[in-house]
K.L.:
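So that we are looking at the same thing, I have put the structure below in structure tokens.
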Amino acid sequence: MAAVELPQQLAEIRDGFLELEEKDRLLLLLEFADELPELPERFADHPDLLERVVECQSPVYIFVEVDEAGAVHLHATAPRESPTTRGFVSIIGQGVEGLTVEQALAVPDDYPSSLGITRAVSPLRMRGMTAMLARTKRQLRALAAA
Amino acid sequence: MSVELDPSPKFTAYAHPERLVSTEWLQKHLGTPGLVVVESDEDVLLYETGHIPGSVKIDWHTDLNDPVERDFIGSEEFAAMMGSKGISRDSTIVVYGDKSNWWASYALWVFTLFGHEDVRLLDGGRDKWVAEGRDLTRDTSVVKKSADYPVVPRDDAPVRAFKDDVLAHFGNPLIDVRSPEEYSGERTHMPAYPEEGALRGGHIPSAVSVPWARAAAPDATFRPRDELDAIYREEAGLAEGDNVIAYCRIGERSSHTWFVLTHLLGFPGVRNYDGSWTEWGNAIRVPIVLGTEPGAAPMAR
């Protein structure tokens, strides 16, 4: 089979959603929102490093980093009043954490739609998460090309 | 059996003071039999992060819109949905939400399509409740009891306008409540919001621009009566007896303006064109004006 296997942590997040009843999946999304870490302090003085995800209704900013060992890290910030957006970016952050650039770039663009929350969240809102993943991958491509 | 009204002096200046309650009033009346508090937000998870104790959630996408057709749910679905939230036909509903009650107004307007009689807004909405440090909870266990809600017809005509109604309306006042950039045609969506697909930019000819948020004070409450009169009567030129249609992009922001014109200023027969720009800006052969001027009204068709 030519298809690249989904990294284990992303598969686990997906399975975690799918094994729940649809109405409980929103609560899992809320857990992810609650788990979104604060931005590392070094970003506090450098808002210019953060990229706004304009496809999202609330102000969410992301910054992708590759460390010396070649591992990917996603840093993000979104307001407390926008828990859906926080949940989305938290899933992607945990999902790509520590992957290699190749692994992260191989994450399917439609990964968000595999979580089984499109109906509970609404397709319109899901677009924001797809856009976050696309922007994360675009930043990675730019880093890889640099 | 209606729950007693909020006698706040600010509200008595409005045309229909019975449509608003204050945060103090709500705090005092939480748990009153016959009262159901409904939270309705833009963010589908905000209720889950903490809500007014005892309140239920109604989401505009997943509860009020038909999942297939671009329309609201029908009578059967509405009855089932309301019943599942513990709402009866004679319940007093108080709706509150984020963003200056923008989505709460939308929910209230949809309840109006089904003729629910006693439905009120919490002045200041979720923002004011939170700013005042009042209680929020994540507990939903207390709100599980369902009720019987009758199947009632949805009567769109009095408060809802369709595209053909707008074409026939030319010569009467239209209010465009979107941002100035959307009105002029510079963009087809709100600043900082996702592109939601309109092929053409601009506004409906003769529509006056009054962005919805001008009716809201910084603390998310409605502006006092005299300030609203200055905006809508003096500035936008609405007069007694006018037959008004308001629109925005999908009918949510214009629900807020619909509430202001109908319940706070007392204009009868105001309609909300919920097809709004996502319909008009994609429709074939409808007139559009670009720029900051309203433009002349075409012949009514």
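Note on naming: letters A, B, ... go to the chains in the order of the sequence lines (proteins, then strands), and numbering restarts at 1 for each one.
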K.L.:
Less than 4.5 Å to any heavy atom of chain A: does that hold for the side chain of B:Thr62, its backbone, both, or neither?
P.N.:
side chain

K.L.:
Can you check whether anything in residues 65-84 of chain A gets within less than 4.5 Å of chain B, heavy-atom wise, and list it by number?
P.N.:
A:Arg80, A:Glu81, A:Ser82, A:Pro83, A:Thr84

K.L.:
Nearest 0.5 Å, what's the CG-CZ distance between B:Leu45 and A:Phe32?
P.N.:
12.5 Å

K.L.:
Return the OG to CG distance between A:Ser122 and B:Asn65, rounded to the nearest 0.5 Å.
P.N.:
9.5 Å

K.L.:
Using every non-hydrogen atom in the two residues, find where B:Arg138 and A:Asp34 come nearest and quote the distance to one decimal.
P.N.:
NH1-OD2, 2.8 Å

K.L.:
The criterion is side-chain contact (heavy atoms from CB on, under 4.5 Å); which residues satisfy it with A:Pro123, sequence neighbours excluded?
P.N.:
A:Thr118

K.L.:
With a 4.0 Å cut-off, would you call B:Asp43 and A:Arg86 a salt bridge?
P.N.:
no

K.L.:
More than 12 non-hydrogen atoms from neighbouring residues, nucleotides or ligands closer than 6.0 Å to CZ on A:Arg141, yes or no?
P.N.:
yes

K.L.:
Checking heavy atoms, do the side chain of B:Asp41, its backbone, both or neither come under 4.5 Å from chain A?
P.N.:
backbone

K.L.:
State, to 0.1 Å, how close A:Arg125 and B:Val44 come at their nearest heavy-atom pair, and which atoms those are.
P.N.:
NH1-CB, 3.3 Å

